[in-house]
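Okay, so here's the structure we're looking at.
Quick note on labels: first sequence line is chain A, next is B, and so on, each numbered from 1.
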2 protein chains.
Amino acid sequence: MERGGTRSAPTRRRLVEAAVETLKEDGFVGASARAIAERAGSNQGLIFYHFGSVTNLLLAALDEVSAERLHDYGEAVGRVGSPGELVEVATDIFLTDLDAGHMTVLAEMIAGASSVPGLGAEVAKRIHPWREFARSAIENSIGGTPLGAVVPAGDLAHAVVALYLGLEMLSHLDGDRQPALRLFGLAGQLAGLLEMTGASSTSTTD
Amino acid sequence: MERGGTRSAPTRRRLVEAAVETLKEDGFVGASARAIAERAGSNQGLIFYHFGSVTNLLLAALDEVSAERLHDYGEAVGRVGSPGELVEVATDIFLTDLDAGHMTVLAEMIAGASSVPGLGAEVAKRIHPWREFARSAIENSIGGTPLGAVVPAGDLAHAVVALYLGLEMLSHLDGDRQPALRLFGLAGQLAGLLEMTGASSTSTTD
DNA sequence: GTCTATACTTGGATAGAC
DNA sequence: GTCTATCCAAGTATAGAC
């Protein structure tokens, strides 16, 4: 239901969506005010009216993707206990993100941050929740196990985010997602092995 | 010792070096013909004379870094046997690359490839040797062990390159190399564990 | 809030003098 | 092989009409 009077932000939203799409398809370099505005079906000047600068719009795009992804991740991981299940869900998430290009937005913003003063800190701020989410999911999965006692969840989370990012970039580069797929298969096997050797944390009453 | 007559390619080399530095400091977006030429102390037009386009110069820069790195890697890994030693050497290499910004060149080129048609394939071509090198080093290290029988070296190499890339991007983003450092420490511990449980491949005559 | 028009800057690329 | 000058396209950003 729409209000006839103000209807405050349809253009703003369209610009953000267009910015996301442009980052996915044309990368950071291709994400100019003109390119984004054209994709949004509106004009270039509105970007500066609504966001002040192209950079701010791109950050809004990153916020959008970040929020959406973290929401979906939370739903997916909510009902996960064992490491095996976690890997299974992570594989699913990874493939979804890869095909939809969600991570491309992140990767392009990180790389682009090298070129725009001050952007790095803003991007870092927005990546922190991803790492924190991974840490929490990992802790819930291996927190009570011997492995969890040896390997700090925070460090592992950092590695997972980095690997996630690197795999996306390589997959995107030559359009081949097979190597990444095989890796997740491998991770699944290792997780299965882990569940049999170490004590699992799922519903084990001692 | 310099020849007085032709002295064929000093400018060309200076441009390549300047391109490398510019990619490191200002990223793909900042690596314009004018910015590179200024850093090289020569003028913009020479880039097109020598390389035809900025993109070609950037690829030459990537070639340069790639060749130099693979050479150094080869030297370092040449005398490595056990997984523990491999991790040790890898840590050293990683820190060197991180501080020198070698991987930044790679990361920026991969990210920038999204924006320039045809660049992706060229960059992919130049990354292939890195993966192949990693595969070979891994195979030499765990090839004869039980782990090597379960985990394909090629898949692991892909993961290593991806992780390497991802860690560089995250470290570069917020200027904090501590998380990456802790990870390598962790990897060292795991490798040590591996050497004790599984059979090591180093000089074991049965 | 949206559109058109425009100022200003930077960048890729070429021509021509030296 | 190098430098200057220049063209043209694209980018950011603002002003002002609607």
(message) Salt bridge check, B:Glu38 against B:Arg34: does any charged N sit closer than 4.0 Å to a carboxylate O?
(response) no
(message) What's the closest nucleotide to the side chain of A:Ser32 if the choices are D:dA13, C:dT14, D:dT12?
(response) D:dT12
(message) Tell me the interatomic distance from B:Leu46, atom CG, to C:dC18, atom P, rounded to whole angstroms.
(response) 17 Å
(request) Tell me whether the guanidinium CZ or amine NZ of A:Arg177 lies under 6.0 angstrom from the six-membered ring centre of A:Phe94 and within 45° of its axis. (result) no
(request) Examine C:dG1: is either OP1 or OP2 under 4.0 Å from a nitrogen or oxygen in the side chain of A:Thr11? Give yes or no. (result) no
(request) Mind calculating the distance between CG (A:Leu15) and P (D:dT12) to the nearest angstrom? (result) 13 Å
(request) Send over the distance from B:Phe48 CZ to D:dA9 C1', rounded to a whole Å. (result) 13 Å
(message) What I want to find out is whether A:Glu64 reaches A:Arg13 closely enough, with some N-O distance under 4.0 Å, to be called a salt bridge.
(response) yes
(message) Rounding to an integer number of Å, can you tell me how far A:Glu38 CD sits from C:dT2 C1'?
(response) 18 Å
(request) Please state how far atom NE2 in A:His50 lies from atom C1' in D:dT14, giving the value in whole angstrom units. (result) 16 Å
(message) Rounding to an integer number of Å, can you tell me how far A:Phe51 CZ sits from C:dT2 C1'?
(response) 14 Å
(message) Which nucleotide wins on minimum distance to the side chain of A:Tyr49, given the candidates C:dG12, C:dT6, C:dT2?
(response) C:dT2
(message) Whole angstroms only, please: what is the CD-P distance between B:Gln44 and C:dA15?
(response) 14 Å
(message) Ignoring hydrogens and geometry beyond distance, is the side chain of A:Arg34 in donor-acceptor contact with the base of D:dT12 at under 3.5 Å?
(response) yes
(message) Whether A:Arg12 engages the ring of A:Tyr49 as a cation-pi pair (distance to the six-membered ring centre under 6.0 angstrom, angle to the ring normal within 45°) should be assessed.
(response) no
(message) From CG of A:Asn43 over to C1' of D:dA17, roughly how many Å is that when rounded to an integer?
(response) 13 Å
